[in-house]
Amino acid sequence: MHLRYSYRLYPTAGQRTLLARTFGCARVVYNDALAMRKEARRAGQPYPRSTDLQKLVITAAKKTAERAWLASVGVDPLIQSLRDLDTAYRNFFDSVSGKRAGRPVGLPRFKSRKDNRQSVRFTRNGFRIRGNGKLNLAKIGDVRVKWSRVPPADPSSVTIVLDPAGRYHASFVVDVEPEHLPVVPAEIGIDLGLTAYAVLSDGSVIDNPRFLRKAEKRLKAAQRELSRKAKGSRNQAKARRKVAKAHAKVADTRRDWLHKQTTRLIGENQAVYLEDLNVRGLARGPLAKSVYDAGWSTFRRLLEEKAARHGRTVGIMHRAFPSSQLCSACGHRDGPKPLQVREWACGGCGVLHDRDLNAARNILAAGQADRLNAPGGPVRPDVAIPRQARSVERGTHLGDLRTTDVRAAGAGGIPRP
Ligand SMILES: [Zn+2]
């Protein structure tokens, strides 16, 4: 399986210029190839093959006056950019044919220099980690890296990302063997909430960390400030950068925290069950929604990645499952409860329920029932992942980077007993 390890990079001014040029060339090659495929489609011609496109948009293009500058950067990132285009097309075709689960994927789109994130990928031929700890990138040089944890052993590729806050990261992909943890008896249901981050079926609560709320407050303040600036002014550009920085801070803080939570949950439980998200998120304002949704989908993805790595199970309940309507004591269906109802008494047996704890218990029970019915479920408990919980392979084209560029799933590591 593949793991990602992400580190902050500190390129010099000269290296930043070279990186900017590499981003630009990779983007042009991508767009040229995309235009050719679109043109072929319009003309009713067969889908152009990658090898043919590569010759046209890289090898042949370098010899023309308009594209001669493509020769000034390494060829590896350009080829990788075309691979990303292939992945984007494959995702689109698989999505149309139903082979790919999840949200529908659209046709690949042209990249712009104004995109929020710029990125290029180098394979083994294009980079190496030097003995002095610097990262050598072909035609760019030795870049300083902050090794916030042990450098990955034998990475197969590295993606260099420039985020909207102006920071550079190197995201290494490493192929690792799964390390299954010893089987434990505990299983848990999780209700992702509004007041607390999550309520667990054993009665424990994961609170939203205070430092995260602080970072979010700063982000909101920066956004208010931005909205007051005159359009197109220098102050607006400055304020926008400030918002991007605050965004990055929130994202980093949240990611670190989510890694800690998910590592613990996977370490302590053989199976973790949660609900498919979304529906309840729609009830809140646009900012709150984006903040919470981002956290929730990352939470789920990290759980799935860590479960796959450590031989655990993650079960996702369908969003139509009425977790907050059922009585977890007697099974009576008590009807819909508006969000402000935090406690309710069961009309069947009279038990008083905490809304979230009751939901978590229902999710656990439904998840366990699902798993029992899954093919091979009870016989091979460590591999019976419900179908909807299997993680989908993701590409690394720009559209997907937002979700795939995370620190390695093993961050912090689950201590072996
Ligand atoms: Zn009841």
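Just so you know, ligand 1 is whichever comes first in the structure, and atom 1 is the first atom listed for that ligand. Everything quoted here is computed from the prediction, not taken from an experiment.
We find that Glu304 and Arg301 are not joined by a salt bridge, their nearest charged nitrogen and carboxylate oxygen being 4.0 Å or further apart. The pair Asp86-Arg83 does not count as a salt bridge, with every side-chain nitrogen at least 4.0 angstrom from each carboxylate oxygen.
For the ring-ring contact (aromatic ring centres under 6.0 Å, His included) test, no residue two or more places apart in sequence or in another chain qualifies with Tyr10.
The distance from the CD atom of Glu343 to the CG atom of Leu357 is 10.5 Å, given to the nearest 0.5 Å.
Protein N/O/S atoms found under 2.8 Å from the Zn ion (ligand 1): Cys327 SG, Cys330 SG, Cys346 SG, Cys349 SG.
Using the six-membered ring where Trp is involved, His353 and Trp344 have ring planes that are tilted, between 30° and 60° apart.
In this structure the side chain of Leu19 never reaches within 4.5 angstrom of the side chain of Leu162, judged on heavy atoms.
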